[in-house]
Amino acid sequence: MTLLAFDWALFIEKLVLIAVVIFGSLGIALYSTWAERKVAAFMQDRIGPNRAGPLGLLQPFADGAKLIFKEEIIPNSANKWLFILGPGMAMTAALITSAVIPWSSHLEIAGRIMPLQVADVNIGILYIFGAVSLGVYGIMIGGWASNNKFSLLAALRGASQAISYELAMGIALIALLMLTGTLSLKEIVEQQMAPGHYWNIVYQPLGFLIFIVCIFAECNRTPFDLSEAENELNMGYHQEYSSMKLGFYLFAEYVNMFVASAVMATLYFGGYDVPFLNESLLSPNVAALVGIIALMVKIVIFIFIFMWVRWTIPRFRYDQLMELGWKKLLPLALANMLITAIVILWLQHK
Amino acid sequence: MQSLTNRKIDVNRSPMTFAEKIYIPEIARGMAITLKHFFKKKATYSFPEQKRPFSSVFRGLHVLNRDEQGRERCTACGLCAVACPAEAITMEAAERLPGEENLYREEKYAARYEINMLRCIFCGLCEEACPKDAIYLSETYTPADFARKKFVYGKPDLLIPNPVTEPEAYQKALGRNVETTAEAFEKLKK
């Protein structure tokens, strides 16, 4: 009978948390599209969308409704199964990464401690790596199934780009792992919160620089948006897509951006830590709330940086992209790892 | 070669310096520029609500003028049609009959006067050619429409309202308070 005993409260708690995280990510991604258009407009001395609702705030819904009512076109020569699978894959891969991110410390409801993290797995960073690598499958499958030479070229570019930059990203993270000694994201955040400790950005500035460049490449954002290069490849891998399938691809990019921002904030900027504030003095529920707000502020700043870069820096040429990845970032990441290792050893044996 | 303006900038083809090669400072410089623009005053006019002030020599839609007593000034001499490089103007002349002295200033007038607004290039040469000060270009610019033939403007579309019988409409048509595309659309919906 004990086998059948099931912690229903835990089940419901996690279900609610998953729903909140998923709908929260989607909602933030929705308004990222609005923010992107506004930021683009402001940086080009324009106003941006301002007709749908006050300040154009209903624009994302108008866009969504438009995409849903557009005609679904599946090319005759396309592989139908994979063609439909592609956008779903992109969206799923973007969303599952959020499972291991600690959104805040924990809530206490009726004596029950409810951690605000879907799964505190002890291999959190490995999980993120796995999920981020999955993201390229959406591009690959979509580009391959379209049976279009431009889509295929874009997919090939996307895949080689993701592989090249994952390497440098991994090595930059290894330096961070040597510092923290754990793969669990929650523990990494708590280490940064501990008194006498600074955020990891202080110990790993070069590592963070490499990491953020690689994250840009992994999210297919400018200057690394070679797989959807409008002017060379006619929108790249999603050229043949229409209606909400296109919407999913475009949307997955923004979900990716949101999750990547959360990962960066968690790993290098103290996660839900508020600087100069001792959270243990507050009651747990208030601390949790303050933590969520702090994390969200950090995420919004990162999303703004994503957009800021997009409207400033032009796209790399393919050979420049490869050269930056293999000849610059990879050696730099290796040197960073080596120096970190030497400093850690030196501090231990002093 | 001698430069005609002082705006010429020579392309710098010297090899990149170390600071340029490591790329980061240049990115920071670029991002500073875009951030500056982020807080700059916007160049946009929210068109239907906000209108751009025109220069005093703006060349918009044509208006056929009347004199102070409300008589048409045009005598159908055809100089505007001859001057028109786009051949957008056609007219038919007619003789003024006794009793029409309050309608037409001279003894010859334009019975039919048409400008094809799809041909017109708004150069203003008709205005310059006119010896009678009968045609001029206002501040109104072409409103949208759904049919091509509606862009062939006849006398009813072009004539300015009579300053004697409809002084208000005349003031409005002087070009200071002109109908915009949005207003025309609004009227169409009614």
Side-chain angles (χ1 to χ4, degrees), chain A residues 35-56 59 168 205-214 216-217 221-224 300-317 320-321 323-325 327-329 331-332 335-336, chain B residues 7-55 58 140-146 178-190:
Chain A
E36 173 106 86
R37 295 175 65 175
K38 276 283 185 195
V39 168
F42 271 61
M43 285 182 174
Q44 296 164 354
D45 295 344
R46 298 183 285 116
I47 295 176
N50 65 348
R51 296 286 134 156
L55 296 173
Q59 191 66 44
L206 182 61
F208 173 71
L209 192 69
I210 295 164
F211 188 75
I212 193 171
V213 171
C214 295
F216 271 80
R221 290 286 296 188
T222 331
F224 306 105
V300 166
I301 290 171
F302 273 119
I303 290 180
F304 177 74
I305 291 174
F306 266 104
M307 291 169 182
W308 186 7
V309 167
R310 171 165 181 189
W311 298 107
T312 305
I313 303 170
R315 184 182 308 126
F316 279 101
R317 221 166 49 212
Q320 291 172 330
L321 174 95
E323 189 171 302
L324 181 70
K327 291 191 193 161
K328 307 258 165 70
L329 288 181
L332 215 57
N336 182 49
Chain B
R7 292 195 296 266
K8 192 180 91 177
I9 297 171
D10 284 314
V11 179
N12 181 8
R13 295 200 190 281
S14 56
M16 285 198 280
T17 60
F18 180 71
E20 281 164 352
K21 266 186 191 154
I22 58 170
Y23 209 58
I24 301 287
E26 292 296 307
I27 286 186
R29 216 156 63 91
M31 286 174 74
I33 290 172
T34 39
L35 194 68
K36 211 158 60 195
H37 278 269
F38 193 87
F39 297 107
K40 238 181 167 176
K41 195 179 163 288
K42 306 301 165 213
T44 312
Y45 285 92
S46 300
F47 167 61
E49 298 99 49
Q50 229 180 7
K51 275 161 214 153
R52 206 170 62 134
F54 287 130
S55 126
F58 180 81
T140 323
Y141 38 100
T142 318
D145 218 320
F146 294 105
V178 294
E179 182 180 73
T180 60
T181 318
E183 284 162 13
F185 200 72
E186 209 51 43
K187 216 159 63 183
L188 235 149
K189 275 200 286 191
K190 275 178 198 156

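Every chain is numbered from 1 and lettered A, B, ... according to where its sequence line falls, protein lines coming before strand lines.
With a 4.5 angstrom heavy-atom cutoff, A:L209 touches chain B only via side-chain atoms. Residue contact with chain A, scored on non-hydrogen atoms closer than 4.5 Å, involves the side chain of B:Y23 exclusively. With a threshold of 4.5 angstrom between heavy atoms, B:L35 approaches chain A through its backbone and through its side chain.
Rounded to the nearest 0.5 Å, atoms CE (A:M43) and CZ (B:F39) are 8.0 Å apart. How far CZ of A:R310 is from OG1 of B:T34: 13.5 Å, rounded to the nearest 0.5 Å.
Around CZ of B:R29, the count of heavy atoms belonging to other residues, nucleotides or ligands within 6.0 Å does not exceed 12.
Note on A:I47, A:N50, A:V309, A:I313: by heavy-atom pairs under 4.5 Å with chain B, the leading option is A:I47.
When B:K42, B:H37, B:K40 are each tested for a side-chain contact (heavy atoms from CB on, under 4.5 Å) with A:F42, only one passes: B:K42.
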